[in-house]
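Structure first, then comments.
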Amino acid sequence: MSLFLGIDASTQSVKCIVIDCDSGRIAAESSVNFGRDLPQYASPNGFLRNENPLIRHADPLMWLDALELAFRRLADSGIRLSAVRGVSGSGQQHGTVYLSEKISSLQSDDSLADQIRPNLSRSSAPIWMDRSTSAECRELDAHFGERLRSDTGSPAVERFSGPQIRRFSREEPEAYRRTGRIHLVSSFLCSVLCGSDAPIDFGDGAGMNLLNLNTLHWDAEIAEFTAPGLEKKLPPVLPSATVAGGLDPYFAKYGFVPGIPVVVWSGDNPNSLVGVGAAEPGCIGISLGTSDTLFAPMRNFKTDPDGCGHVFGNPAGGFMSLICFSNGSLAREKIKETLGVSWEFFDRDACAQTRPGNGGRLILPYFEPESTPLVLSPRVRRNYREASPAEEVRALLESQALSLRLHSEWLGESVRRIRLTGGASASEGFRQILADVFQADVETISVTNSAGLGAAMRAANAVEGIPFEKLSSQFCRPEKIVSPDSGLRCLYDDLLERFREFEKHFLFS
Ligand code: XUL
């Protein structure tokens with residue numbers, strides 16, 4: 001059997017998926033939800049409570065306990081983990097983990113959390129939802145100007161790792177000095193699997209405001225300005241197909257064969273690009289998770305003039321675009337809770353009971369600070385006073401789809417197909433709205449965990465040389481295709497203009 005394991009360490013959970021490249025089937029899956037399964041970390045949504053909505057940190061030890069529990073559950077599912085030939089993973093992007101020194105070996109007796117705890121030089125890790133670094137971003141932008149965008153693929157961004165590290169080095173200079181290694185979530189967990197220091201890949205490394213995309217090396221000048229001596233504290237940055245090391249013997253307790261190749265991890269969005277099989281021009285990927293993200297392979301390197309979209313390394317080669325909407329499922333969950341309705345109603349009945357265009361109702365659902373467009377003080381704004389529960393749901397879904405379309409205009413791609421993934425891709429109503437708003441076919445594949453699947457496919461590609469085209473045809477065949485109603489083209493073109501004005505008015509008022 002040719003089995004490969006992909007791990008998805010996301011905001012709210014750790015999930016494992018094992019693919020069988022002989023039969024083209026998913027051999028096993030397991031999942032651990034931080035809130036439900038690890039209540040001792042008091043992080044129901046994956047981060048520690050903080051009254052300040054701009055501060056969002058998580059406990060890295062929670063990710064380690066979750067990884068162990070996910071492996072235990074995988075082993076208990078009956079799969080022979082000794083047949084796994086390679087591993088890779090996905091991390092929620094941008095989050096940083098601060099260690100006194102590089103990880104060098106693991107002991108077999110103590111848990112991972114107990115072994116890593118003494119090595120943490122900062123007890124918590126700022127994650128992608130943290131927006132506390134506006135001052136640092138303005139300083140970076142003022143110092144480097146346009147070069148930051150043209151060389152790193154993005155202007156200074158609050159949630160990106162560089163500004164986060166700058167803030168830490170200022171606020172806790174002593175702890176920063178004691179920090180010998182700064183990892184991303186992806187390279188931290190990869191290091192733990194190898195029991196040795198692992199590199200960062202071009203996909204996730206580009207979300208730091210530190211990687212020069214023209215040279216594909218850390219930018220020494222930007223790193224030094226970001227924080228003194230930073231470059232030495234970063235792991236090497238390497239192509240996504242690099243083998244980081246062999247699996248540490250620690251993991252034999254779950255049935256794995258020690259020494260199997262561990263392929264460099266990447267970010268969840270770069271891996272999702274691979275996992276939805278959206279490599280062809282004219283096709284974009286949309287992942288509907290805690291945050292909604294839109295991504296596509298990039299034919300020609302270009303950056304977003306508004307600064308909300310980013311350029312990352314594409315793990316399958318070249319570059320990709322990424323636009324992140326922080327209030328994705330987060331907003332859908334909030335509205336569902338407020339209305340007190342079921343998911344069945346939300347995902348199906350609400351759209352069946354209302355009409356496209358919904359009387360022009362629009363909503364800007366910034367329950368948490370938003371990345372696209374940048375909104376630091378959470379606020380929800382509606383352009384209507386009255387709505388039935390069904391109309392309220394449609395207003396949210398149409399507004400989210402319009403925002404995805406509006407903020408991806410800079411890509412200049414005419415979108416013919418959308419590959420949809422993530423938990424909310426199961427929503428019948430939302431699938432049709434996306435097809436109608438973009439006037440494109442919306443395709444879903446059977447696996448909703450595209451980040452984990454993409455990681456497993458990358459492991460198979462790097463370890464056994466299986467081409468991505470073959471892996472996509474095995475694991476990413478579209479299951480459902482929703483076609484647009486071409487009669488709604490004008491309606492949504494008009495509504496897009498209204499949305500553009502509504503958002504502009506909100507941002508400048
Ligand atoms: C992407 C981003 C989020 C996280 C969530 O830039 O911030 O999508 O990767 O996991």
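Keep in mind it's a predicted model, so treat the numbers as computed, not measured. Both counts, for ligands and for their atoms, begin at 1 and track the order of listing.
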Query - Salt-bridge present (D219, R147; N to O < 4.0 Å) - result: yes
Query raised in the report: Any side-chain donor paired with an acceptor under 3.5 Å for Q12 and N33?
Result: no
Query raised in the report: Among protein heavy atoms, which lies nearest atom 5 (C) of ligand 1, and at what distance?
Result: D268 OD2, 3.4 Å
Query raised in the report: Quick one: does ligand 1 sit under 4.0 Å from the side chain of T290, the backbone, both or neither, non-hydrogen atoms only?
Result: neither
Query raised in the report: Quick one: salt bridge (charged side-chain N to carboxylate O under 4.0 Å, His left out) partners of R131, sequence neighbours excluded?
Result: none
**Report entry** Ligand-side contact atoms (ligand 1) for residue partner R159, heavy atom cut-off under 4.0 Å
**Finding:** 1 (C), 2 (C), 6 (O), 7 (O)
**Report entry** Proximal atoms of ligand 1 relative to L322 (non-hydrogen, under 4.0 Å)
**Finding:** 1 (C), 6 (O)
Query raised in the report: Under 3.5 Å between some N or O of ligand 1 and some N or O of S291?
Result: yes
Query raised in the report: Going by atom types alone, do D268 and S90 pair a side-chain donor with an acceptor below 3.5 Å?
Result: no
Report task. Using heavy-atom distances, let me know which of Q92, Q93, H94 sits nearest atom 6 (O) of ligand 1. Result -> H94
Requested in this report: Look at the rings of F312 and F160 and say which category their plane angle falls in: under 30° parallel, 30 to 60° tilted, over 60° perpendicular.
Outcome: tilted
Query - Inter-residue atom distance I286.CD1 - F438.CZ, 0.5 Å rounding - result: 4.5 Å
Report task. State, without any angle test, whether R56 and N50 hold a side-chain donor-acceptor pair at a distance under 3.5 Å. Result -> no
Requested in this report: Give the contacting part of H310 toward ligand 1: side chain, backbone, both or neither, where contact means a heavy-atom distance below 4.0 Å.
Outcome: neither
Query raised in the report: By number and element, which atoms of ligand 1 are closer than 4.0 Å to a non-hydrogen atom of C324?
Result: 1 (C), 2 (C), 3 (C), 6 (O), 7 (O), 8 (O)
Requested in this report: With heavy atoms of T293 as the reference, note each atom of ligand 1 found under 4.0 Å away.
Outcome: 8 (O)
